[in-house]
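Here is the structure we will look at.
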Amino acid sequence: MNGRNMQKPLSCVSVHNMNTISLIKKRFQHYSPDREIAKKAIRHLKKTEKKQLFSDDLSQMRAAEGRWYESLIYEIMLDISMESDHISGLVRKGADAPFPTIEVKMGQNGLFFSNRGDINIRGNGQDIAEVDLLFTAGDGRIGFAEIVTSGSDLRELEEEVHYKKSLLGYLYGQPSVPFILFSSVDISRSSVIRRLVKETESVLIMTRSCEELKPLLKRTSIKGIPRQPIRHPKLIDLSILQPRRQFNYKNIHDRRKDRLMKEMMKRKSPDEFIKKDDMPPIVKKILFGAVHESASKLLWEGKSFKIKEKRYTYEEISKEFSKVVLAIDLPAYEPVIYLRSKKKKEYLKVVVRKSGGFRVESKRTPRMTGFFLWLEILKPSLGPDVAERYAEIFLQNA
């Protein structure tokens, strides 16, 4: 280790299993970042984010701070990778990712960079997963890391990690996938995190907080740092790390959709849907398709939802939305309905409230290119029989 790493240790760690990630744990225990590497991480931030890093607006500041912290972990991983062959490579990201990126198109399957240099896994052009760090161990296996600066939404994080482990395990033919969770806050007491850490080849690395690390930076010191790539012997291009197992996400999706549709029409319950099969565990959303007008009327009969105190019944829905798409989120079989606005180029994502009824959860716009394009090409194909069965099985509490 060089001189700067003999200061106050950066991290305290919980670990399961002795392998590549245990080496990373040890390095982080003795690593303390200095001003040089803290400034180096700034190169991954956009101009606006650099300004927001010291903003009086707390939400803007926290968002920029989180981006800087993620970049700092990336820079430290590059630093410690030079000390051992246990980390054979780290995938480029941020400022080190190639630009311009490959344009999003339907049918794309594999690993791609987003416009800002994030690492995305695409299925039929849509982003099905994003990983904060992707690395190769000395034995050639692929591992990944997630980086958090908040203790909220940990159950959702657990679901995402399980999905990414299954996805990467399938794509690279690995029975297990090394996983690291970096956190700037103490989440070690969470039952969710304890479960994650107990899993094979999983580790939690808690660093000093952003409040403790941020004094390494000054407002004046972050000016003039260009968003510029570097050369590094351990940096890997995505082009040489594409999945070993080729996959056609659309085909897998359609096979699972057809099977589920048959089960639905046989009046089976979601409990009966949940069974092991020979299909890859990579599809987490089923798009059944768009419904015909007669089916939409049956679907919304006696139901409504609100947007800014305006209640939407079937009549309002038919006036303001041109398309109704039925979907299911896996593995919990949660119903999702997408409504295509006639006035704006967007879809409303409508879900069922736990307390009953519907609520608008979010919007899907052209910024979500691949998924938006998929929704756009769906033409009305579902009749009243499918809508009736969908409502009967999935919308009982709506």
- Decide whether Phe99 and Tyr74 are clustered together by the hydrophobic rule: side chain heavy atoms of Ile, Leu, Val, Met, Phe, Trp, Tyr closer than 4.5 Å, transitively. no

Salt-bridge test for [X] and [Y]: reply yes if a basic N is under 4.0 Å from a carboxylate O, no otherwise.
| X | Y | value |
| --- | --- | --- |
| Glu316 | Arg311 | no |
| Lys262 | Asp258 | no |
| Asp329 | Lys284 | no |
| Lys26 | Glu83 | no |
| Glu211 | Arg62 | yes |

- Task: For the residue pair Phe305 and Phe321, categorise the inter-ring angle as parallel (less than 30°), tilted (30 to 60°) or perpendicular (more than 60°).
- Result: tilted

- Do the ring planes of Tyr390 and Phe288 sit parallel (below 30°), tilted (30 to 60°) or perpendicular (above 60°)? perpendicular

- What do you reckon, are the aromatic ring centroids of Phe247 and Tyr170 less than 6.0 Å apart? no

How about [X] and [Y]: do any of their side-chain heavy atoms sit closer than 4.5 Å?
| X | Y | value |
| --- | --- | --- |
| Leu171 | Ile121 | yes |
| Val352 | Phe358 | yes |
| Ser176 | Arg141 | yes |
| Ile73 | Ile205 | no |
| Ile24 | Ile87 | yes |

- Task: Take atom NE2 of His86 as the centre, draw a 6.0 Å sphere, and report whether it contains more than 12 heavy atoms from other residues, nucleotides or ligands.
- Result: no

- Begin from the C-alpha positions of Asp385 and Arg389 and carry the test salt bridge (charged side-chain N to carboxylate O under 4.0 Å, His left out) through to its verdict. CA-CA 6 Å; Asp385 55 339; Arg389 196 71 68 246; over 6 Å; no

- Ring-face cation of Lys310 near Tyr312 (centre distance under 6.0 Å, axis angle within 45°): yes

- Geometric cation-pi criterion, Lys214 with Phe54: 6.0 Å, 45°: yes

- Query: Between Lys285 and Ile128, is there a donor-acceptor pair closer than 3.5 Å when you use the side chain of the first and the backbone of the second?
  - Reply: no

Rounded to the nearest 0.5 Å, what separates atom [atom1] in [X] from atom [atom2] in [Y]?
| X | Y | atom1 | atom2 | result |
| --- | --- | --- | --- | --- |
| Trp374 | Lys250 | CH2 | NZ | 6.0 Å |
| Asp96 | Ser71 | CG | OG | 10.0 Å |
| Gln52 | Glu65 | CD | CD | 12.0 Å |

Minimum-distance pair of heavy atoms, taken over all atoms of [X] and [Y]:
| X | Y | value |
| --- | --- | --- |
| Val104 | Gly125 | CG1-O, 3.3 Å |
| Gly151 | Val185 | N-CG2, 3.9 Å |
| Gly140 | Arg244 | O-NH2, 3.0 Å |

- Query: For residues 47-58, which residue pairs qualify under salt bridge (Lys or Arg N to Asp or Glu O under 4.0 Å), counting only residues two or more places apart or in two chains?
  - Reply: Glu49-Arg116

- Ignoring hydrogens and angles, state whether a donor on the side chain of Glu75 or His44 is under 3.5 Å from an acceptor on the partner side chain. yes

- Message: Apply side-chain hydrogen bond (donor to acceptor under 3.5 Å, both in side chains) to residues Ser341 and Lys363 and explain how you reach the verdict.
- Response: CA-CA 10 Å; Ser341 172; Lys363 296 178 181 179; over 6 Å; no

